[in-house]
2 protein chains.
Amino acid sequence: METLNAAELLAALGHESRLSIFRLLVEAGPDGVFASAIGEQLGLPAPTLSFHLAHLSRVGLIRGQKESRFIRYSAEFATMDELIAFLTHNCCQGQACLPKAAACDTIAKRRNPANGVSADSAAAACCKPDEQADQPEQ
Amino acid sequence: METLNAAELLAALGHESRLSIFRLLVEAGPDGVFASAIGEQLGLPAPTLSFHLAHLSRVGLIRGQKESRFIRYSAEFATMDELIAFLTHNCCQGQACLPKAAACDTIAKRRNPANGVSADSAAAACCKPDEQADQPEQ
DNA sequence: TTTATATTTCTATAATATTGGAACTATGGA
DNA sequence: TCCATAGTTCCAATATTATAGAAATATAAA
């Protein structure tokens with residue numbers, strides 16, 4: 001992911017209504033939520049909601065799937081994943097940047113086909129060396 | 001972290017120049033970089049750079065430490081950490097939301113005082129159940 | 001004390017984003 | 001067909017943000 005692209009994603013999330021929408025969809029999971037339900041839960045007028053949904057869709061953070069009269073929106077987890085990877089990539093030149101972060105030894109299992117995606121996420125916004133070839137620039 | 005606060009952080013990062021500054025500081029590590037060096041590397045006029053540094057400082061993503069005539073800026077890793085935690089918190093109601101993410105079993109070591117902060121970071125922007133009491137709302 | 005350097009503040013301008021009412025389109029049910 | 005509902009697009013007012021020159025401040029070196 002390039003800086004410009006990452007900045008677009010971050011800017012899309014950098015608005016209270018859009019962040020609320022995205023978080024709602026992240027918590028909802030892959031099944032997503034109908035647009036009308038989002039608007040109801042967040043109390044947004046339809047045109048405003050539509051504007052923000054379009055913005056989030058345009059940058060690829062959510063996706064809408066039409067179902068008869070409704071549109072079911074869901075989070076694009078892969079995009080969020082890439083964004084977080086960008087933010088934390090090559091932190092501190094791959095050195096342990098936090099005093100306590102001595103045990104940076106679980107990287108190998110990241111995206112290991114054997115166990116899929118590991119569960120640690122926000123653990124350390126740091127310490128992800130380059131040598132592991134984990135999408136250094138895709 | 002509240003939604004409004006997280007949105008402010010994301011908005012701060014949602015600008016190409018500021019994101020470049022922040023990434024530069026993340027890669028630089030805890031020692032940070034002098035403001036002048038940042039401006040040189042990114043080719044930003046001094047007032048523009050100052051404007052963006054002030055913005056990032058205000059929201060707490062970076063910190064500036066004066067050293068004689070210079071100011072040494074460094075990333076606030078803890079803030080980035082909290083932001084990523086907010087983004088990924090309670091994803092998919094704590095269920096595995098990605099087909100492959102069956103092995104969500106390494107959460108317990110998150111922030112374990114024994115090994116400090118674990119190395120996995122961008123691994124899965126998902127699957128962080130609530131039950132672990134890992135800052136659900138601080 | 002003068003000068004150079006690092007950085008900020010002031011300022012005006014330009015560009016961009018947000019908002020929601022009104023009107024429109026699409027779909028399904030009566 | 002007619003109506004209700006879900007959602008979008010249009011539009012204009014408003015608000016916010018970014019930009020960089022010029023001037024100001026602070027520090028150190030000559």
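This one's a predicted model, so the numbers in the text were calculated from it and none came from an experiment. Every chain is numbered from 1 and lettered A, B, ... according to where its sequence line falls, protein lines coming before strand lines.
Base contact: Ser50(B) has a heavy atom under 4.0 Å from a base atom. Residue Ser68(A) is in sugar-phosphate contact alone, with no base atom involved, counting any heavy-atom pair closer than 4.0 Å across all strands shown.
For the pair Arg23(B) and Phe86(A), the cation-pi criterion (under 6.0 Å, within 45° of the ring axis) is fulfilled.
DNA chain D lies under 4.0 Å from at least one heavy atom of each of the following residues of residues 41-49 of chain B: Pro45(B), Pro47(B), Thr48(B). Contacts between residues 10-18 of chain A and DNA chain C, defined by a heavy-atom separation below 4.0 Å, involve His15(A), Arg18(A), listed by number.
In plain terms, the two heavy atoms of Cys92(B) and Phe77(A) that are nearest each other are SG-CZ, 3.6 Å.
Contact between the side-chain N/O atoms of His52(A) and the OP1/OP2 oxygens of dT19(C) is found at a separation under 4.0 Å. Listed pair Ser36(B) / dT5(C) fails the phosphate criterion, with no side-chain N or O lying under 4.0 Å from OP1 or OP2.
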Go through it in stages, so that I can follow the logic: the residues are Ser57(A) and Ile62(A), the test is side chain to side chain contact (heavy atoms under 4.5 Å, CB included), and I'd like the CA-CA distance, side-chain angles, deciding distance and then a yes or no. CA-CA 5 Å; Ser57(A) 298; Ile62(A) 68 174; 3.5 Å; yes
Steps toward side chain to side chain contact (heavy atoms under 4.5 Å, CB included) verdict (Phe51(A), Arg18(A)): CA-CA 10 Å; Phe51(A) 171 81; Arg18(A) 281 193 299 268; 4.2 Å; yes
Report the C-alpha separation of Ser17(A) and Leu44(A) in whole Å, then their side-chain angles, then the decisive distance to 0.1 Å, and conclude whether the side chain to side chain contact (heavy atoms under 4.5 Å, CB included) test is met. CA-CA 8 Å; Ser17(A) 298; Leu44(A) 293 172; 3.9 Å; yes
Leu19(A)/Leu87(B) under side chain to side chain contact (heavy atoms under 4.5 Å, CB included): CA gap, chis, key distance, verdict: CA-CA 9 Å; Leu19(A) 183 56; Leu87(B) 284 177; 4.1 Å; yes
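In summary, of the residues considered (Ile71(B), Thr48(B), Ile21(B)), a side-chain contact (heavy atoms from CB on, under 4.5 Å) with Leu53(B) occurs for Ile21(B) alone.
Straight-line distance from the CZ atom of Arg72(B) to the P atom of dT7(C): 11 Å, rounded to whole Å. Rounded to whole Å, the distance from CD on Glu40(B) to P on dT7(C) is 10 Å. Rounded to whole angstrom, the span from the CG atom of Leu53(A) across to the P atom of dT9(D) amounts to 11 Å. The distance between atom CD of Glu8(B) and atom P of dT17(D), rounded to the nearest whole Å, is 10 Å. Distance, Ile38(A) CD1 to dG7(D) P: 9 Å, rounded to whole Å. To the nearest angstrom, C1' of dT7(C) lies 11 Å from CZ of Phe70(B). Here the P atom of nucleotide dA26(C) and the CD atom of Gln65(A) are 18 Å apart, to the nearest Å. The interatomic distance linking Phe51(A) (CZ) with dG20(C) (P) rounds to 11 Å, in whole Å.
No donor-acceptor pair closer than 3.5 Å links the side chain of Thr79(A) to the backbone N or O of Leu61(A).
Out of dT18(C), dA26(D), dT7(C), the shortest distance to the side chain of Lys66(B) is found at dA26(D). Which of dG7(D), dT18(C), dA18(D) sits closest to the side chain of Ile71(A) comes down to dG7(D).
When the nearest nucleotides of DNA chain C are assigned to Tyr73(B) and Arg69(A) by heavy-atom distance, the more 5′-ward of the two goes with Tyr73(B).
Note: Leu25(A) CG to Ile38(A) CD1 = 4.5 Å, rounded to the nearest 0.5 Å.
Summarising the local packing, CZ of Arg63(A) is surrounded by 12 or fewer heavy atoms from other residues, nucleotides or ligands at distances under 6.0 Å.
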